Amino acid sequence: MHLYTFASGSSGNCALVTMGSTAVLLDAGISARRITRALAELDLTPDRLSAIVVTHEHADHVAGLAVLTKRCSVPVFASAGTARELARMTPRLEDLLRPFHAGDSFCLGDLALTSFSTPHDAADSVGYTVTDGRRTLGLITDLGCVTENIRAAARTCDTLILESNHDIDRLRLGPYPDWLKRRILSDRGHLCNEAAAALAQEAVEHGTERILLAHLSEKNNTEALARDAAAAALRGTGVSPRLIPRSACAPAVEV
Ligand SMILES: [Zn+2]
Ligand SMILES: [Zn+2]
């Protein structure tokens, strides 16, 4: 199973996971043109996608969805609440939507996905684990706190994409208005570096081999702060955290 990341952060999130001829797009939060270009680099076209799987309806996760699905009729998997929001935003999507209940599992070609609820200020946000039966990838971003089901999912992953959104002091002292600071810091906001580091440590103790830090805030974090927090928590484990580039395609990761 291979993972390709195209973008990560509040200006857009999009990744691709492939196994044999199965290709699943995880979120479509950059323009359809950028997604198409990134797929072309991998000798893929949008109509070759097995499915598009969405975490939630925020623009940084679905901005390219409407245009991308105009040109190809790829099924779009989303939790029931997210699907409702997507259909409200783009009625034409209704035919392509494959709603499921948060917590459900489903198969897409050679891959099996399991969803789990994430605490976030969206209708019905979820994270995913993706497995080829041998190895497992986890996608855990856009969450205000770590719940027991998220912990359980993280422990099963060989490779974990994990939100490390902000440094709490930087956010508190930074330029954001107070209401937005409160929103980000809340249990339905975004995950701080310390909480991400703690979850990374727990996952690695249970066998996770690769930690990919994602969804870093441009204003309230730095790559060094996120990496140092996770590296400190992982000291002695032999695992070094890596960062997913904000707006560039990263080399393939073999999960
Ligand atoms: Zn987001
Ligand atoms: Zn979000």
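No experiment lies behind these values; they were computed from the predicted model shown. Order of listing sets the numbers, starting from 1, for every ligand and every atom in it.
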> Taking atom OG of Ser115 and atom CG of Leu139, what is their separation to the nearest 0.5 Å?
Replying inline: 11.5 Å

> Judged by atom type as modelled, is there a donor-acceptor pair below 3.5 Å linking the side chain of Glu254 to the main-chain atoms of Met1?
Replying inline: no

> Does any N, O or S atom of Asp121, backbone or side chain, fall under 2.8 Å from the Zn ion (ligand 2)?
Replying inline: no

> the Zn ion (ligand 1) is nearest to which N, O or S atom of His215?
Replying inline: NE2

> Of the backbone and side-chain N, O or S atoms of His120, does one lie nearer to the Zn ion (ligand 2) than 2.8 Å?
Replying inline: yes

> Just by distance, do the side chain of Thr90 and the backbone of Arg92 share a donor-acceptor pair under 3.5 Å?
Replying inline: no

>> Which atom name would you report as the N, O or S atom of His58 nearest the Zn ion (ligand 2)?
In response: ND1

>> Under 2.8 Å from the Zn ion (ligand 2), can any N, O or S atom of His61 be found?
In response: no

> Is the Phe100-Phe77 ring centre distance short of 6.0 angstrom?
Replying inline: no

> Are the side chain of Thr208 and the backbone of Asp158 linked by a donor-acceptor contact shorter than 3.5 Å?
Replying inline: no

>> Using the Zn ion (ligand 1) as the vertex, how large is the angle between OD2 of Asp142 and OD2 of Asp60, rounded to 10 degrees?
In response: 160°

> Between His190 and His166, does the ring centroid distance fall short of 6.0 Å?
Replying inline: no

>> Any N/O/S atom, side chain or main chain, of His56 closer to the Zn ion (ligand 1) than 2.8 Å?
In response: no

